[in-house]
Amino acid sequence: MNIEKHISSCAHEALRSLYGDVAAEAVQVQKTRKEFDGDYTLVVFPFLKQSRKSPELTAEEVGRKICEMCPEVESFNVVKGFLNMSLATSFWRELFCGLVLDGGFGFGHKGEDRVMVEYSSPNTNKPLHLGHVRNNLLGYSVSRILEAAGGNVFKVNLVNDRGVHICKSMLAWQLFSDGETPQSSGMKGDHLVGKYYVAFDAEYKKQVKELTSGGMSEEEAKKEAPVMKQAQEMLRRWEAKDPEVYALWERMNGWVYEGFDKTYADMGVSFDKIYYESQTYLLGKELVEEGLAKGVFYRRDDNSVWIDLTSDGLDEKLLLRGDGTSVYMTQDMGTALSRHDEFGFDKMIYVVGNEQNYHFQVLKLILKKLGYDWADNIYHLSYGMVELPNGKMKSREGTVVDADDLIAEMVSTAYDMSKQMGKLDGYSDDEAMEIARKVGMGALKYFILKVDPKKTMLFNPQESIDFNGNTGPFIQYTYARIRSVLRKAEGMGIEVPAGVDGSFVPAPKEVELIKLINDFENVVRDAAAAMSPSVVAAYCYDLAKEFNQYYHDFSFIREDDPAVRASRLAIASFTSVVLDRALSLLGIEVPERM
RNA sequence: GGUCUCUUAGCUCAGCUGGAUAGAGCAUCAGAUUUCUAAUCUGACGGUCGCAGGUUCGAAUCCUGCAGAGAUCACCA
């Protein structure tokens, strides 16, 4: 339940009975800060004009009234203009019982709100890198969060599988590969294709250099380089569905998809539908006609079509080339429309890097101008770039952090560290690898998701990923520890009850845990509203930290009093359930031991 | 140049719709294990919340200006 809201409306009632008309917005109830006594705090400054008393006297007066009117509020104290209220321990006990009974926090029920989330959206000419990792983890986590908050979520991926950049890899493979395949080389398909993309670039540079040393300007050389002309010719043949080119394209993309599937599986992300740009790139042309008919767009002498957005503080934007072919914006408009027709979304979320902020601003605006009001339901979940200690990732300088390498590195580090600490003693290789996989991926996912999506984040391969402190493994460890206690209890024949009985008087630390557990529902709602997994990450950390303190100060199976022991085990058990649920929203798995 | 975003401890980050003495982790230093997992816990050290104004009883938070960093303004996607 939302206790703040409840206390807030109690306070509102009390204020009204004292001072008459009081605006609900003026009533602000917040959690009492740890350094003060109390559970919830009412700020009384806004009511001084009506009370005509000092802040302290006003708070006293309101406090007495609330105690009188609201049975949950047991006592209060006043510090300056702050009224700190304490709730009865029986209230917390009953709250915990209610949570256990409810049990699910509404999980597992698909809501009414139809939400489409597009993320990942890779190019098929090279393997995924660190930037994609942030995108994928964010997209997946946000989907989970929205689902938990009651959305009917549909995850989609729009694969950029066509274009001259794809042809570059294909051409280089034809020229230099001697027929190399993933099978013949043992190389992962996406990496193999990426290798030829790099090979193209090398050859291209070589040719440009030759041409410029022959006296040609660099600009011209870039256009005239034979491999570039060949790549463009190949794109034309692809568009004409030339059987030979098409077959090669399908074959090489197939290799890439096999590779991507592996990376996606490793990251634990999935999609409900995959769109291919080769099937959608012609969409949107009828919208251009529509825009022209409505006078929203205009045609220039060279037959190209534009929209003038200067009155909205933006620029003029091209929508159709002079030769009648469409551009990125046109495709995206068409894709959005067809998705809306097909899926009927209440919300469409694009998880795309912040370098495309302008694109999405324009996309929404154009759709609005065409009269599609649902454009208001389009959200660009814009996330910041991942930077390395020496700046941005640059493929030319070989500073790109490859996703597969990173994953392998994380898991092997987790393995080595676990081994060193003797955590893997007595486990089979498979069990040990499974623990290392969960912990290593947990570290990576938490590290990336704990940062506010919109912020540029720094990734230091040597130092950034930690397993202590505010990290994924810290939270996983808390979970594993609880599970260990519960296993031992079971082994000793001690029953772990789901809830607590009427004799249970929660200690202050237990009240803190109950409060936090109760907060989970609000946290999910807030995270969904902000589309920010970092809210959930912070919650996981708070809960784990709180529990670790509890664990340190209290006994569980060592406790002699059976009733007390049972209550503690119940709290521990339920904490593990919430930790599991919360981490699952980040796509992080929990190990039963580590 | 226009538009947008970011700037909080040595480092990486929290601080949401304005509220009390700005919080964590890492790093540094000092402690805690006969006892349920020490990947833990306790403490110390560390701040001109980029700068300057403004609104307010009250500003890291809202507004304006300035500085620094980044993105974008393609007949690329």
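Reminder, nothing fancy here: chain letters follow the sequence lines and each chain counts from 1.
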Q. If you draw a 6.0 Å radius around NZ in A/Lys222, do more than 12 non-hydrogen atoms from other residues or ligands fall strictly inside?
A. no
(Q) As a test of reading the structure: which of B/A39, B/A14, B/U37 is closest to the side chain of A/Ser418, going by heavy atoms? (A) B/A39
Q: Please work out if A/Asn303 contacts a base, only the sugar-phosphate, or nothing of the nucleic acid, heavy-atom cut-off 4.0 Å.
A: nothing
Q: Pick the P atom in B/G58 and in B/G19, then give their distance to the nearest Å.
A: 14 Å
Q) Does A/Glu434 pair with A/Arg437 as a salt bridge, N-O distance under 4.0 Å? A) yes
Q: Tell me which residues in residues 541-549 of chain A put a heavy atom below 4.0 Å from RNA chain B, sorted by number, or none.
A: A/Tyr541, A/Lys545, A/Asn548, A/Gln549
Q) For the base of B/A71, is there a side-chain donor-acceptor partner from A/Thr456 under 3.5 Å away? A) no
Q.
Strictly by salt bridge (Lys or Arg N to Asp or Glu O under 4.0 Å), give each pair with a member in residues 552-565 of chain A just once, sequence neighbours left out.
A. A/Glu559-A/Arg568
Q | Qualifying residues under salt bridge (charged side-chain N to carboxylate O under 4.0 Å, His left out), relative to A/Lys368, sequence neighbours excluded | A | A/Asp373, A/Asp376
Q. Which residues pass the side-chain hydrogen bond (donor to acceptor under 3.5 Å, both in side chains) test with A/Asn84, sequence neighbours left out?
A. A/Thr41, A/Asn77
Q | Which residue lies more 5' along RNA chain B, comparing A/Pro473 with A/Val535 via nearest heavy atoms | A | A/Val535
**Q.** All pairs passing salt bridge (Lys or Arg N to Asp or Glu O under 4.0 Å) where residues 156-166 of chain A contributes a residue, at least two apart
**A.** A/Arg162-A/Glu239, A/Arg162-A/Glu277
Q.
According to side-chain hydrogen bond (donor to acceptor under 3.5 Å, both in side chains), does anything in residues 528-541 of chain A pair up with another residue at least two apart or in another chain? List the pairs.
A. A/Ser532-A/Ser534
Q) Across the strands shown, which category fits A/Ala480 at heavy-atom distances under 4.0 angstrom: base, sugar-phosphate, nothing? A) base
Q.
Under the rule for salt bridge (charged side-chain N to carboxylate O under 4.0 Å, His left out), what residues qualify as partners of A/Glu387, not counting sequence neighbours?
A. none
(Q) Using a heavy-atom cut-off of 4.0 Å across all strands, would you classify A/Asp332 as base, sugar-phosphate, or nothing? (A) nothing
Q) When all nucleic acid strands are considered with a 4.0 Å heavy-atom cut-off, which category describes A/Phe82: base, sugar-phosphate, or nothing? A) base
Q) Taking only side-chain nitrogens and oxygens of A/Asn468, does any of them come within less than 4.0 Å of OP1 or OP2 of B/U40? A) yes
Q) Is the closest basic N to carboxylate O distance between A/Glu61 and A/Arg52 below 4.0 Å? A) no
Q. Out of B/U37, B/C13, B/G25, which has the shortest distance to the side chain of A/Met457?
A. B/C13
What's touching nucleotides 62-64 of chain B from the protein side, N or O pairs under 3.5 Å?
none

Q: Please measure how far the P atom in B/U33 lies from the corresponding atom in B/C51, and state the result in whole Å.
A: 45 Å
Q | B/G15 and B/A59, which share atom name C1', separated by this distance in whole Å | A | 14 Å
Q: Assign the ring pair A/Tyr281 / A/Trp238 to parallel, tilted or perpendicular, where the plane angle (0 to 90°) is split at 30° and 60°.
A: tilted
Q) Quantified in whole Å, what is the C1' atom distance between nucleotide B/A27 and nucleotide B/C45? A) 11 Å
Q.
What is the distance, to the nearest angstrom, from the CZ atom on A/Phe467 to the C1' atom on B/C26?
A. 14 Å
Q.
With a 4.0 Å limit, can you tell me whether A/Lys80 has a side-chain N or O closer than that to the phosphate oxygens OP1/OP2 of B/G19?
A. no
Q. When you look at CD of A/Glu233, are more than 12 heavy atoms from neighbouring residues, nucleotides or ligands closer to it than 6.0 Å?
A. yes
Q) Is RNA chain B part of any stem, that is, at least 3 consecutive Watson-Crick or G-U pairs with both distances under 3.5 Å, and where? A) B:1-7 with B:67-73, B:10-13 with B:23-26, B:28-32 with B:40-44, B:50-54 with B:62-66
Q. If you pin A/Ser534 and A/Val43 to their nearest nucleotides in RNA chain B, which one's is more 5'?
A. A/Ser534
Q | Side-chain donor or acceptor of A/His12 paired with backbone N/O of A/Val22 under 3.5 Å | A | yes
Q) Any side-chain N or O of A/Lys455 under 4.0 Å from OP1/OP2 of B/U7? A) yes
**Q.** ring-ring contact (aromatic ring centres under 6.0 Å, His included) partners for A/Tyr379, two or more places apart
**A.** none
Q: List the protein contact pattern of nucleotides 72-77 of chain B with one symbol per nucleotide (5' to 3'): B for base contact, S for sugar-phosphate-only contact, - for none; contact means a heavy-atom distance under 4.0 Å.
A: SS-BSB
Q. Using 30° and 60° as the class limits, which term best fits the ring planes of A/Phe556 and A/Tyr550: parallel, tilted or perpendicular?
A. perpendicular
(Q) Roughly how many Å apart are B/G50 and B/U35, using the P atom of each and rounding to a whole number? (A) 48 Å
Q: May I ask you to say what A/Thr478 touches in the nucleic acid, namely base, sugar-phosphate or nothing, with a heavy-atom cut-off under 4.0 Å?
A: nothing
Q: Select one nucleotide: of B/C13, B/G19, B/C36, the one nearest the side-chain heavy atoms of A/Leu458.
A: B/C13
Q) Looking at A/Arg33, does any N or O in its side chain come under 4.0 Å of the phosphate oxygens OP1/OP2 on B/A20? A) yes
Q.
Looking at A/Arg481, I'd like to know whether one of its side-chain N or O atoms comes within less than 4.0 Å of OP1 or OP2 on B/A38.
A. yes
Q. Does any donor-acceptor pair link the side chain of A/Thr41 with the base of B/A20 at a separation under 3.5 Å?
A. yes
Q: Provide the closest heavy-atom pair for A/Ser169 versus A/Tyr197 in the form atom of the first, atom of the second, distance.
A: OG-CB, 3.3 Å
Protein-nucleotides 55-61 of chain B N/O pairs closer than 3.5 Å?
none

Q.
I want to check one thing: is the phosphate of B/C36, taken as OP1 and OP2, less than 4.0 Å away from some side-chain N or O of A/Ser555?
A. no
Q.
Over all strands shown, is A/Phe47 touching base, sugar-phosphate only, or nothing at heavy-atom distances under 4.0 angstrom?
A. nothing
Q.
If you apply the rule salt bridge (charged side-chain N to carboxylate O under 4.0 Å, His left out), what do you find for A/Arg300 with A/Glu316, and how did you get there?
A. CA-CA 12 Å; A/Arg300 287 189 183 170; A/Glu316 290 181 290; 3.5 Å; yes
Q) B/U42 and B/G47: how far apart are their C1' atoms, nearest whole angstrom? A) 23 Å
Q.
Looking at A/Lys423 and B/U37, is any side-chain donor or acceptor paired with a base atom of the opposite kind under 3.5 Å?
A. yes
Q: Give a yes or no on whether the ring-centroid distance for A/Phe47 and A/Tyr19 is below 6.0 angstrom.
A: no
Q) Distance between the C1' atoms of B/U61 and B/G18, in whole angstroms? A) 6 Å
Q | Interatomic distance where CZ belongs to A/Arg134 and C1' belongs to B/C13 [whole Å] | A | 12 Å
Q) Minimum heavy-atom separation for A/Arg593 to A/Ala480, with atom names? A) CA-CB, 3.8 Å
Q | Nucleotide of B/A39, B/A38, B/A20 approaching A/Tyr551 most closely (side-chain heavy atoms) | A | B/A38
Q: Write down the atom of A/Pro453, the atom of A/Leu381, and the distance for their closest heavy-atom approach.
A: CB-CD1, 4.4 Å
Q: For nucleotides B/A60 and B/A9, find the distance between their P atoms and express it as a whole number of Å.
A: 15 Å
(Q) Does A/Arg339 qualify as a cation-pi partner of A/Tyr275, given the criterion of NZ or CZ under 6.0 Å from the six-membered ring centre and within 45 degrees of its axis? (A) yes
Q) A/Met385 near the nucleic acid: base, sugar-phosphate alone, or nothing, with a heavy-atom cut-off under 4.0 Å? A) nothing
